[in-house]
Amino acid sequence: MRLVTYRATIEAESRLGVLVDDLVVDVAALGARADVPMPSRMLDFIDLGPVALAELKALLAAANGRWPVGGALPIDNVMLLAPIPRPRKNLFGIGLNYVEHVDESARSLDTAKELPKQPIIFSKPPTCVVGPGDPVVHNGAITQQLDWEVELACVIGRSARRVSANAALNHVFGYTVCIDISARDNRRAGQWIYSKGMDSYAPLGPCIVTADDIPDPQTLDLWLTVNGVEKQRSNTHHMLFDVATLIADISQGIALEPGDIIATGTPAGVGAGRDPQEWLWPGDVIEAGVDGIGRLRHPVVAG
C-alpha cells in the first residue's frame with residue numbers, strides 16, 4: 001500500500017490517506033463507513049502495528065471502488081505533505097554508505113578514503129522535514145555550498161532493541177524518498193548536524209510504501225536531477241551496509257521506535273564531488289526519486 005498525509009484544502013487539517021490508482025482515499029472515513037475505527041494520522045496508524053494494515057486491506061477490498069462520499073479525492077486536487085510531517089525524534093542519517101561516494105567524499109570533503117568498517121551515523125532534527133513541492137531554503141548569509149543527496153528512507157514500524165540483522169526487516173513499516181540537503185561549509189569540527197539539520201533540509205515523501213510491497217529494499221534504483229540534468233543514479237544494491245544491517249547496528253545502543261526514520265545514505269554524484277564543484281542556488285529545481293516509491297520535486301529559494 002501507498003500511504004500519504006494530505007490536506008484537502010490549504011486550510012484543512014492534515015489527514016491519513018491511501019493511494020488507490022489516482023485517488024487519495026481517506027482512511028478514517030473509509031473505516032467510519034464500515035464502523036471500524038481507523039486513525040486519521042500516520043503516526044497513530046504506525047503505532048497500531050500489523051493489525052492496522054490488515055484492517056485497512058480488508059476495508060479496501062470490501063469497498064471495491066465504492067468510496068465514502070467526499071472520502072476519495074483525485075490526487076491532483078489535494079496537497080501532499082511529508083508522510084510523517086513532524087517525526088517524534090531526529091532522523092537517523094547514514095554517511096558514506098556507497099563505495100563511490102566514499103571515494104568522492106575523500107577527494108573533496110577530507111573524509112577518510114578507507115571504506116567504513118561500521119555505519120557512520122548522524123542525525124537531522126524533525127524541524128528540517130518538508131513535504132512534496134515545498135521550497136528548500138538557501139540562506140546565503142550562512143552557506144555558499146548547498147548540496148544534494150538522494151536517499152532511500154526506512155520507516156520503523158515495531159520497536160527494535162538489539163535485534164539481529166536476520167530479524168531487522170521484520171521491524172520495518174515501510175519506505176519513502178528523502179533528499180538529504182547539506183550546507184557543506186557548515187561542518188563544525190567533524191560534526192554534521194548543523195550542516196545537515198537546517199530548516200527544509202529533509203524533503204520527504206511523496207508516500208510511504210508499506211514493507212509488504214517492497215520485500216527486498218536492496219534492489220531499488222534511485223536518482224536525482226538538478227534543473228533536469230541528471231546528477232545521481234544508482235541502485236540500493238550498492239550500499240555498503242544494507243537496511244537490515246543499519247537497523248541492527250543502531251538498535252544495539254539506541255532503541256528504534258515506531259515512526260523512526262533512517263535515511264540510508266547516498267550514491268556518488270553530489271555537488272561537492274564534482275570537478276568543478278557544483279552547488280544549489282535560488283531558482284534551481286531538485287527532483288529525486290526511488291523506483292517503486294515515487295519522486296520529489298523542490299524549488300530552491302532564497303531565505
Side-chain angles (χ1 to χ4, degrees), residues 1-88 129-134 152-158 169-178 203-217 220 258-261 289-297:
M1 281 189 292
R2 296 171 178 268
L3 298 171
V4 298
T5 296
Y6 77 100
R7 285 197 182 105
T9 65
I10 293 177
E11 298 82 12
E13 291 186 356
S14 62
R15 306 277 296 179
L16 171 64
V18 57
L19 295 182
V20 181
D21 299 323
D22 60 349
L23 295 176
V24 176
V25 178
D26 188 276
V27 170
L30 184 64
R33 189 180 67 174
D35 200 25
V36 177
M38 294 294 284
S40 61
R41 300 287 186 271
M42 185 74 76
L43 284 174
D44 294 336
F45 186 82
I46 295 172
D47 285 342
L48 292 175
V51 63
L53 283 173
E55 288 181 344
L56 180 52
K57 287 180 180 179
L59 288 169
L60 291 169
N64 193 28
R66 298 183 297 273
W67 309 119
V69 175
L73 300 171
I75 190 169
D76 291 340
N77 292 356
V78 306
M79 176 185 298
L80 292 183
L81 310 179
I84 302 176
R86 182 62 182 260
R88 294 179 179 129
V129 171
V130 294
D134 287 341
L152 172 70
C154 164
V155 181
I156 298 297
R158 294 171 46 210
L169 294 186
N170 295 329
H171 296 261
V172 175
F173 176 77
Y175 302 92
T176 190
V177 182
C178 180
L204 203 67
C207 64
I208 295 175
V209 177
T210 53
D212 55 329
D213 281 345
I214 301 181
D216 184 357
L220 306 175
D260 284 354
I261 299 168
V290 178
D291 288 355
I293 298 175
R295 64 178 63 196
L296 294 169
R297 187 175 189 272

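Worth knowing before you read on, the calculation uses all heavy atoms, side chains too, and leaves out hydrogens, waters and symmetry mates. Sequential numbering from 1 along the given sequence is applied to the chain's residues.
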J.: Rounded to the nearest 0.5 Å, what's the gap from CG on Asp291 to CG on Leu152? Could you check?
T.: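 Asp291 atom CG to Leu152 atom CG measures 11.5 Å (nearest 0.5 Å).
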J.: Could you name each residue pair satisfying salt bridge (charged side-chain N to carboxylate O under 4.0 Å, His left out) that touches residues 48-65, not counting sequence neighbours?
T.: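 Matches after skipping sequence neighbours: Lys57-Asp212.
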J.: Listing request: all salt bridge (charged side-chain N to carboxylate O under 4.0 Å, His left out) pairs with a residue in residues 72-86, at least two apart in sequence or in separate chains.
T.: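 For residues 72-86: none.
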J.: To check you understand the geometry: which heavy-atom pair defines the closest contact between Pro85 and Val129, and what is its length?
T.: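 Smallest heavy-atom distance, with atoms named: O-CG1, 3.9 Å.
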J.: If I take atom CG from residue Asn77 and atom CG from residue Leu23, how far apart are they, to the nearest 0.5 angstrom?
T.: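 Nearest 0.5 Å value for the CG-CG distance: 10.0 Å.
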J.: Hey, what do you get for CD1 (Ile293) to CD1 (Ile214), rounding to the nearest 0.5 Å?
T.: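 With rounding to 0.5 Å, CD1 (Ile293) is 4.0 Å from CD1 (Ile214).
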J.: Might you point out which heavy atoms bring Pro132 and Ala82 nearest each other, and give the distance in Å?
T.: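 Where Pro132 meets Ala82 most closely, the heavy atoms are CD-N, 3.8 Å.
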J.: Please name the pair of heavy atoms, one in Gly259 and one in Ile84, separated by the smallest distance, quoted to 0.1 Å.
T.: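 The answer is O-CD1, 3.8 Å.
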J.: Once rounded to the nearest 0.5 Å, what's the spacing between atom CG of Asn170 and atom CZ of Arg158?
T.: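 Answer rounded to 0.5 Å: 6.0 Å.
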J.: Answer yes or no: is there a side-chain heavy-atom contact under 4.5 Å between Ile10 and Met79?
T.: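 Yes, their side chains come closer than 4.5 Å.
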J.: By the salt bridge (charged side-chain N to carboxylate O under 4.0 Å, His left out) test, which pairs, at least two apart or in different chains, include something from residues 18-30?
T.: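 Every salt bridge (charged side-chain N to carboxylate O under 4.0 Å, His left out) pair that includes a residue of residues 18-30, provided the two are not neighbours, is Arg15-Asp26.
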J.: For Cys207 and Val4, work out which heavy atoms get closest and say how close.
T.: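 That would be CB-CG1, 3.6 Å.
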J.: How would you list, by chain and number, every residue that makes a salt bridge (Lys or Arg N to Asp or Glu O under 4.0 Å) with Arg2, sequence neighbours excluded?
T.: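 Testing Arg2 for salt bridge (Lys or Arg N to Asp or Glu O under 4.0 Å), a comparison that skips the adjacent residues, returns none.
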J.: So, taking the atom named CG in Leu19 and the one named CD1 in Ile75, what distance separates them when rounded to the nearest 0.5 Å?
T.: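 Reported to 0.5 Å precision, the distance equals 4.5 Å.
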J.: Using residues 38-54 as the side-chain source, report each donor-acceptor pair under 3.5 Å to any protein atom, sequence neighbours left out, with the distance given to one decimal.
T.:
residue: Arg41; atom: NH1; partner: Ser14; partner atom: O; Å: 2.6
residue: Arg41; atom: NH2; partner: Glu13; partner atom: OE1; Å: 3.4
residue: Asp47; atom: OD1; partner: Arg88; partner atom: NH1; Å: 3.2
residue: Asp47; atom: OD2; partner: Arg88; partner atom: NH2; Å: 2.6

J.: CD1/Ile261 to OG1/Thr176 distance, rounded to the nearest 0.5 angstrom?
T.: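 Spacing of CD1 (Ile261) from OG1 (Thr176) equals 8.0 Å.
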J.: For Ala12 and Ala8, work out which heavy atoms get closest and say how close.
T.: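 Result for this residue pair: CB-N, 4.2 Å.
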J.: Looking only at non-hydrogen atoms, find the nearest pair between Pro217 and Tyr175 and report the distance.
T.: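 Here Pro217 and Tyr175 meet closest at CG-OH, 3.4 Å.
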J.: Counting only pairs under 3.5 Å, give me each side-chain donor-acceptor contact of residues 28-37, with atom names and distances, residues two or more places apart or in other chains.
T.:
residue: Arg33; atom: NH1; partner: Arg66; partner atom: O; Å: 2.7
residue: Arg33; atom: NH1; partner: Trp67; partner atom: O; Å: 3.4
residue: Arg33; atom: NH2; partner: Arg66; partner atom: O; Å: 2.5

